[in-house]
K.L.:
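Could you have a look at this structure, given as structure tokens, before my questions?
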Amino acid sequence: QVQLVESGGGLVQAGGSLRLSCVVSGPTFRQLTMGWFRQAPGKEREFVAALSWFGGRTNYADSAKGRFTISRDIAKNTVYLEINSLQPEDSAVYYCGAEHFGRGTSEKDGYHYWGQGTQVTVSS
């Protein structure tokens with residue numbers, strides 16, 4: 001069974017940076033495509049970035065290009081999301097999702113496993 005635990009959220013001033021972490025339990029991390037999504041109050045969960053199990057290819061939402069970076073540490077079974085130049089509109093609960101041999105899709109349905117989320121709040 002795959003379990004995901006996010007951390008690294010918090011309250012930060014606009015212009016600051018955060019690095020979110022998602023630790024994955026289980027022996028199949030190398031076979032998992034990982035995605036980061038976020039959900040603000042009253043809004044749908046939206047895609048941020050994905051990292052493919054094969055070759056580590058990345059895929060970003062247009063709104064995330066330039067300020068967000070997804071990466072992984074295979075030795076630590078961890079995927080990261082670094083966010084720079086944070087803006088108040090980045091405030092949301094950030095979730096990581098995982099799918100065995102996934103395509104790195106931007107669709108929520110493309111991920112079978114989810115973490116509980118970590119709150120990011122950006123003050124102006």
Side-chain angles (χ1 to χ4, degrees):
Q1 183 70 3
V2 175
Q3 293 185 321
L4 313 177
V5 179
E6 302 99 331
S7 63
L11 175 63
V12 62
Q13 288 189 329
S17 299
L18 280 176
R19 188 177 76 161
L20 309 182
S21 300
C22 175
V23 178
V24 181
S25 66
T28 59
F29 183 70
R30 289 177 180 268
Q31 300 166 359
L32 291 170
T33 286
M34 304 298 299
W36 282 98
F37 288 71
R38 66 184 183 182
Q39 188 167 16
K43 294 189 176 181
E44 294 288 322
R45 189 172 299 190
E46 66 174 1
F47 172 72
V48 177
L51 191 150
S52 175
W53 71 278
F54 184 76
R57 288 176 299 156
T58 56
N59 178 29
Y60 292 93
D62 287 342
S63 60
K65 292 176 181 176
R67 293 192 300 118
F68 292 70
T69 303
I70 188 171
S71 62
R72 66 181 175 181
D73 186 333
I74 293 175
K76 295 182 178 180
N77 273 26
T78 301
V79 65
Y80 302 99
L81 184 70
E82 184 168 352
I83 315 172
N84 297 312
S85 301
L86 278 155
Q87 302 300 316
E89 53 265 33
D90 294 320
S91 297
V93 178
Y94 283 72
Y95 297 90
C96 69
E99 179 71 14
H100 283 110
F101 309 113
R103 297 182 294 111
T105 179
S106 60
E107 299 295 324
K108 298 187 298 293
D109 291 345
Y111 299 85
H112 184 74
Y113 305 99
W114 291 93
Q116 82 291 346
T118 185
Q119 176 71 51
V120 172
T121 303
V122 184
S123 63
S124 57

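Start at 1 with the first residue, then count along the sequence. Just the heavy atoms: all of them, side chains too, but no hydrogens, waters or symmetry mates, feed the values below.
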K.L.:
If you look at every heavy atom in Asn59 and Gly104, which pair is closest and at what distance?
P.N.:
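Taking Asn59 first and Gly104 second, the nearest heavy atoms are ND2-O, 3.1 Å.
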K.L.:
What are the two closest heavy atoms between Thr105 and Tyr111, and how far apart are they?
P.N.:
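So the minimum-distance heavy-atom pair works out to O-OH, 2.6 Å.
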K.L.:
Would you say CD of Gln116 has more than 12 non-hydrogen atoms from neighbouring residues, nucleotides or ligands within 6.0 angstrom?
P.N.:
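More than 12 heavy atoms, drawn from other residues, nucleotides or ligands, come within 6.0 Å of this atom.
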K.L.:
Do you reckon Tyr113 sits in the same ILVMFWY cluster as Trp36, going by side-chain contacts under 4.5 Å, direct or chained?
P.N.:
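Yes, because Tyr113 and Trp36 connect within a single hydrophobic cluster, where side-chain heavy atoms sit under 4.5 Å apart.
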K.L.:
Going only through I, L, V, M, F, W and Y residues with side-chain contacts under 4.5 Å, is there a path from Ile70 to Val23?
P.N.:
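Not linked; separate clusters.
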K.L.:
Return yes if some donor-acceptor pair links the side-chain N/O of Ser52 with the main-chain N/O of Arg57 below 3.5 Å, else return no.
P.N.:
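No.
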K.L.:
Do the non-hydrogen side-chain atoms of Phe47 and Glu107 ever get within less than 4.5 Å of each other?
P.N.:
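With C-beta onward as the side chain, the pair stays apart.
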K.L.:
Drop me the distance from Glu46's CD to Gln39's CD, to the nearest 0.5 angstrom.
P.N.:
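Taking CD in Glu46 and CD in Gln39, the distance rounds to 9.5 Å.
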K.L.:
Decide whether Val93 and Met34 are clustered together by the hydrophobic rule: side chain heavy atoms of Ile, Leu, Val, Met, Phe, Trp, Tyr closer than 4.5 Å, transitively.
P.N.:
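Val93 and Met34: separate clusters.
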K.L.:
At what distance, to the nearest 0.5 angstrom, does OG1 of Thr121 lie from CG of Leu86?
P.N.:
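It comes to 10.5 Å.
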K.L.:
What are the two closest heavy atoms between Leu81 and Ala49, and how far apart are they?
P.N.:
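So the two residues come closest at CD1-CB, 4.3 Å.
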K.L.:
Has the side chain of Glu6 got a donor or acceptor atom that lies under 3.5 Å from a matching backbone atom of Cys96?
P.N.:
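Side chain of Glu6 to backbone of Cys96, a donor-acceptor pair under 3.5 Å: yes, one is there.
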K.L.:
Tell me if a side-chain donor or acceptor on Asn77 pairs with a main-chain N or O of Val24 at a distance below 3.5 Å.
P.N.:
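Here the side-chain-to-backbone pair exists.
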K.L.:
Which pair of heavy atoms, one from Ala14 and one from Ser124, lies closest together, and at what distance?
P.N.:
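Result for this residue pair: CB-CA, 4.3 Å.
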K.L.:
Test Leu32 against His100 for side chain to side chain contact (heavy atoms under 4.5 Å, CB included), laying out the working first.
P.N.:
CA-CA 4 Å; Leu32 291 170; His100 283 110; 3.4 Å; yes
K.L.:
Quick check against the 3.5 Å criterion: does Ser91 have a side-chain atom that pairs as donor or acceptor with the backbone of Val122?
P.N.:
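Yes, Ser91 side chain to Val122 backbone: donor-acceptor pair under 3.5 Å.
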K.L.:
Check the pair Val120 / Leu20 against side chain to side chain contact (heavy atoms under 4.5 Å, CB included), numbers first and verdict last.
P.N.:
CA-CA 9 Å; Val120 172; Leu20 309 182; 4.0 Å; yes
K.L.:
Sort out for me which residue in Trp114, Tyr94, Tyr95 forms a ring pair (Phe, Tyr, Trp, His ring centres under 6.0 Å) with Phe37.
P.N.:
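Among Trp114, Tyr94, Tyr95, the one meeting ring pair (Phe, Tyr, Trp, His ring centres under 6.0 Å) with Phe37 is Trp114.
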K.L.:
Is it true that Trp53 and Ile74 fall in one hydrophobic cluster, defined by side-chain heavy atoms closer than 4.5 Å?
P.N.:
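No, because Trp53 and Ile74 fall into different hydrophobic clusters, even though each may have its own neighbours under 4.5 Å.
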K.L.:
Do Arg103 and Thr33 have side chains that approach each other closer than 4.5 Å (heavy atoms only, starting at C-beta)?
P.N.:
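Side-chain contact under 4.5 Å: no.
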K.L.:
For His112 and Glu99, work out which heavy atoms get closest and say how close.
P.N.:
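Looking at all heavy atoms of both residues, the shortest contact is N-OE1, 2.7 Å.
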K.L.:
Could you check whether any side-chain heavy atom of Phe68 comes within less than 4.5 Å of a side-chain heavy atom of Thr58, counting everything from C-beta outward?
P.N.:
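Not in contact.
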K.L.:
What heavy-atom pair brings Leu4 and Cys22 nearest, and what distance separates the two atoms?
P.N.:
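That closest heavy-atom pairing would be CB-SG, 3.9 Å.
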K.L.:
Ignoring hydrogens and angles, tell me if any N or O in the side chain of Arg67 forms a donor-acceptor pair with the backbone of Ile83 under 3.5 Å.
P.N.:
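Side chain of Arg67 to backbone of Ile83, a donor-acceptor pair under 3.5 Å: no, none is there.
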K.L.:
Is the NZ or CZ atom of Arg19 both under 6.0 Å from the centre of the six-membered ring of Tyr80 and within 45° of that ring's axis?
P.N.:
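Relative to the ring axis of Tyr80, which defines the angle, Arg19 lies inside both limits.
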K.L.:
State whether the number of non-hydrogen atoms from other residues, nucleotides or ligands found under 6.0 Å of Phe54 atom CZ is greater than 12.
P.N.:
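No.
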K.L.:
Between the main-chain N or O of Ser85 and the side-chain N or O of Gln87, is there a donor-acceptor pair closer than 3.5 Å?
P.N.:
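Between the backbone of Ser85 and the side chain of Gln87 there is a qualifying donor-acceptor contact (under 3.5 Å).
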K.L.:
Would Val2 and Leu51 show up in the same hydrophobic cluster when neighbours are defined by side-chain heavy atoms closer than 4.5 Å?
P.N.:
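Yes, Val2 connects to Leu51 through the hydrophobic network.
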